[in-house]
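Each remark here refers to the structure printed beneath this line.
Values below: all heavy atoms of this structure, side chains included; hydrogens, waters and symmetry mates excluded. Numbering starts at 1 and runs along the sequence shown. Since the structure is predicted, the reported quantities are computational estimates derived from the model, not experimental observations.
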Amino acid sequence: MMLDPVSMDKSRPRVAIIGAGVSGITMAINLKNQLGFENFVLYEKASSVGGTWRDNTYPGCSSDVSGHWYSLSSELNPNWDSYYISQAEIRSYWERLHEKHNLLAHTVFNTRVDQVEWNDQASVHKITLQDTITGERRETCAEIVIQAVGAFTTPLFPKDLPGVEKFKGPLWHSLKWRHDVDLKGKRVGVIGNGCSAAQFVPIIAADPTVEVINFGRSRQWFAPKGQYRYPRWVKWAFAHVPILLRAYRNSIMIRSDLGWFMYQSQLPVSKLVKMAFTKYMKDTAPTQYQDALIPSYPPGCKRIIVDPGYLSALHQPNVDLVWEGVAEIVEEGVKLKNGESIPLDIVILGTGFLLVTRDVAFRGVNGITLDKYFESQGGATGYRGTVFPGFPNIFTVVGPNAGSGHASLLFSIEVQAQYVCKLIRPILEGKTKSLEVTVEATNKYNAWIQKRMRNTVFLDCFSYYRGDGRDGVRNIATFPGMMSLFWWITRNPHWDDFRAVGGERWTQQRRRNGMLVRWGALAALLIVALPLINRNSAAVWAILSRLKPGFLSG
């Protein structure tokens, strides 16, 4: 068994963070800055940090959210080159933060977390690790485990696309881009026309010697990108004029969050947006493709593509869009469902990602696995997208229904990292050994989520928001509301929704404090109302009689 290169103090609560991508780095920064806590380790299966923005290196890869909102509120960057930022810029930003906050001393690279198993008697997790280079395994322990594995790290190979292993030429998924393969003079088949393919197709098609045949799998809504570069004087002003950059970032945040209203199917905003997007697509795409391109479902049901030049690229003579479905991949190319065979030199899969699948086996109380819990609920289910009943001291960043179709995922990550810090504080301070959300609180929260979801456009089509399969219509990814609402409901823990073990004194004290607050509020009310009692005592007692049972007792 190998020794862990980063050791933690066993006399104090230990925190293990799985993943050194955007979520993991954000979580680590919050542990240090918000809690002043240093007894933690980041386990990263790769040899460097960055997660999604390290792995996705396909041509044209970039964020479809403004860079000034796709960054931490505590780490504003005045030097973003343009409104929408590239993969290279994003990765560099997170590498700088990892170095700035001295997280290298807390990070174990080339180490995959295979299993996390809860020991109820000791209130600790046994963590099984594997070296991704040597294959050697080792075990360690931590009282708290934080899952910070990104959503776009597992490629999707659709079940209705057989024969991937048969193709004789180079074949890869966009997540694993082959930079060693020269596309010049080649006939390239691109399967899929979602966000990733829309970004790399215009780039590879810029070379007129590359013939691109794009096999569309589903219709997508495109919105104009509106990209622009920041002049040098603007960057200078962002860096030197007090409050200017934060005010600019906040204006982007407010404007983007108001976009939530287009996702509500009952409002006329949805129809107006559909009209605007339809006009844009008709004005931009070739006439012969328009009927096949424009969806029948409302905008937002699938992730809206901020057009990176894909529709314009369809006008090029070296680009062809084929809508006849691919039946299978064969040795020399692909065979369509109409029986036609199309020879290809290279095949690139732009078929998306598995949002639910993680390569970590979590075992909670009585050995139940997290996958089995999700299966029993009909899909990924959690409380505030962060914790799960039956899994004490396990916390997740960007869990079920914590993402967004209209806003910055970074905002959600930052909100959840702050929420997790508040939840684990009593454990780190020794006030309780473990925290576990109750089944009742989780069910109540998810009933609220599903009720709100019914009034949205998210259930009107199949998308990756619904997880790995097409069965059912449950959205497991997005939060059905403005992200400011998500912040509001996670700003403070509702401790009564949790079961604390070894924290009975802390629980009693917290309830006593709550009771004192209620008595204080009542006393203040009586003092204010005292002059009125003699004049209208009946009215005063009528008001008091309306107070909820248990108001004074908590």
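- Across F486, F458, F411, Y263, a single residue satisfies ring pair (Phe, Tyr, Trp, His ring centres under 6.0 Å) together with F479, and that is F486.
- Contact of the E99 side chain with the L104 side chain is not registered, since no non-hydrogen atoms from C-beta on lie closer than 4.5 Å.
- For the pair K184 and D182, the salt-bridge criterion is not met [side-chain N within less than 4.0 Å of a carboxylate O].
- Ion pairing between a basic and an acidic side chain is recognised when a charged N comes within 4.0 Å of a carboxylate O; D55 and K176 show no such pairing.
- Between the H101 side chain and the L103 main chain, no donor and acceptor come within less than 3.5 Å of each other.
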Exercise. Would Q416 and S23 satisfy side-chain contact (heavy atoms from CB on, under 4.5 Å), going step by step from the backbone distance to the final call?
Worked result: CA-CA 9 Å; Q416 275 194 288; S23 298; over 6 Å; no
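- By the 4.5 Å heavy-atom criterion applied to side chains, T52 and V22 are not counted as neighbours.
- Remark: D257 does not engage R255 in a salt bridge, criterion side-chain N to carboxylate O under 4.0 Å.
- Between E44 and R54 there is a salt bridge, with a side-chain nitrogen of the basic residue lying less than 4.0 Å from a carboxylate oxygen of the acidic one.
- Pairing each heavy atom of W221 with each of P298, the nearest pair is NE1-C, 3.6 Å.
- F222 and Y280 have their aromatic ring centers separated by at least 6.0 angstrom.
- Of the charged side-chain nitrogens involved, none lies within less than 4.0 Å of a carboxylate oxygen, so that D131 and K45 do not count as a salt-bridged pair.
- The main-chain N or O of Y310 is found under 3.5 Å from a side-chain atom of D307 such that the two form a donor-acceptor pair.
- Aromatic pair F362/H125: centroids not less than 6.0 angstrom apart.
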Problem set entry | Stepwise side-chain hydrogen bond (donor to acceptor under 3.5 Å, both in side chains) check, K126 with T140 | CA-CA 6 Å; K126 183 177 74 173; T140 188; over 6 Å; no
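- Ring geometry for H406 versus W260: interplanar angle of 30 to 60°, hence tilted.
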Exercise. Could you walk me through whether E331 and K168 pass the salt bridge (charged side-chain N to carboxylate O under 4.0 Å, His left out) check?
Worked result: CA-CA 5 Å; E331 291 184 355; K168 288 185 176 181; 3.6 Å; yes
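- Considering every non-hydrogen atom in both F215 and G189, the closest pair reads CE1-CA, 4.0 Å.
- In this structure a side-chain-to-backbone donor-acceptor pair under 3.5 Å is missing from S92 to A88.
- Side chains of T111 and R138: a donor on one and an acceptor on the other come within 3.5 Å.
- Exactly one of T107, I17, V49, L72 qualifies for a side-chain contact (heavy atoms from CB on, under 4.5 Å) with I25. That residue is V49.
- Annotation: side chain of V188 is not in contact with side chain of I213 (no heavy-atom distance under 4.5 Å).
- Using a 30° and 60° split on the angle between ring planes, Y228 and Y83 fall in the tilted class, from 30° to 60°.
- For the atom pair CG (L410) and OG (S66), the distance works out to 11.0 Å, reported to the nearest 0.5 Å.
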For this session: Dump the intermediate steps for side-chain hydrogen bond (donor to acceptor under 3.5 Å, both in side chains) on S341 and E332, then the final yes or no.
Result: CA-CA 9 Å; S341 293; E332 304 298 331; over 6 Å; no
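- Ion pair D81/K235 flagged as a salt bridge, since at least one NZ, NE, NH1 or NH2 atom sits closer than 4.0 Å to an Asp/Glu carboxylate oxygen.
- The nearest pair of heavy atoms linking H315 to T284 is NE2-O, 2.8 Å.
- The minimum heavy-atom distance linking L293 with R219 is given by the pair O-CB, 3.5 Å.
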Exercise. Do R303 and T478 pass the side-chain hydrogen bond (donor to acceptor under 3.5 Å, both in side chains) test, and can you show the C-alpha distance, the side-chain angles, and the key distance before you say yes or no?
Worked result: CA-CA 11 Å; R303 181 79 182 184; T478 57; over 6 Å; no
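- Atom CD1 of residue I85 and atom CZ of residue R91 lie 14.5 Å apart, to the nearest 0.5 angstrom.
- Looking at S82, its side chain never comes within 3.5 Å of a backbone N or O of R229 through a donor-acceptor pair.
- Surrounding CZ of R96 are more than 12 heavy atoms belonging to other residues, nucleotides or ligands, all under 6.0 Å away.
- Heavy atoms from other residues, nucleotides or ligands lying under 6.0 Å from CG of D291 number 12 at most.
- Side chains of L336 and I342 form a contact here, defined as non-hydrogen atoms less than 4.5 Å apart.
- Residues I346 and W172 have side chains in contact (heavy-atom distance under 4.5 Å, counting atoms from C-beta outward).
- Counting heavy atoms from C-beta on, the side chains of Y373 and F391 come closer than 4.5 Å.
- Not one N or O on the side chain of D114 forms a donor-acceptor pair closer than 3.5 Å with the backbone of A361.
- Across all non-hydrogen atoms, the minimal contact from M281 to Q220 is CE-O, 3.5 Å.
- Side-chain contact check for E414 and T26: no donor-acceptor pair (N or O, by modelled atom type) lies under 3.5 Å.
- Comment: R187 engages E211 in a salt bridge, judged by a side-chain N to carboxylate O separation of less than 4.0 angstrom.
- Here the side chains of N193 and I305 are not in contact, with every heavy-atom distance at 4.5 Å or above.
- Considering all non-hydrogen atoms of both residues, P308 and A198 come closest at CG-O, 3.1 Å.
- With no hydrogens or angles considered, a side-chain donor-acceptor pair links Y289 and D320 at under 3.5 Å.
- A perpendicular orientation is assigned to the rings of H68 and F238, their planes being inclined by more than 60° (bins at 30° and 60°).
- Side-chain contact check for F157 versus L161: every heavy-atom pair is 4.5 Å or farther apart.
- No side-chain donor-acceptor contact under 3.5 Å links Q130 to the backbone of R112.
- Judged by distance alone, with hydrogens and angles left aside, the side-chain atoms of T209 form no donor-acceptor pair with the main-chain N or O of D207 at under 3.5 Å.
- For an aromatic pair to be called close, the ring centres must be under 6.0 Å apart, and F200 with W177 satisfies this.
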Exercise. For T386 and T396, what are the C-alpha separation, side-chain angles and deciding distance, and is it a side-chain contact (heavy atoms from CB on, under 4.5 Å)?
Worked result: CA-CA 5 Å; T386 309; T396 295; 5.6 Å; no
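- The six-membered or imidazole ring of W53 lies near that of Y70, with a centre-to-centre distance under 6.0 Å.
- With rounding to the nearest 0.5 angstrom, the CG atom of N77 is 8.0 Å from the CG atom of L245.
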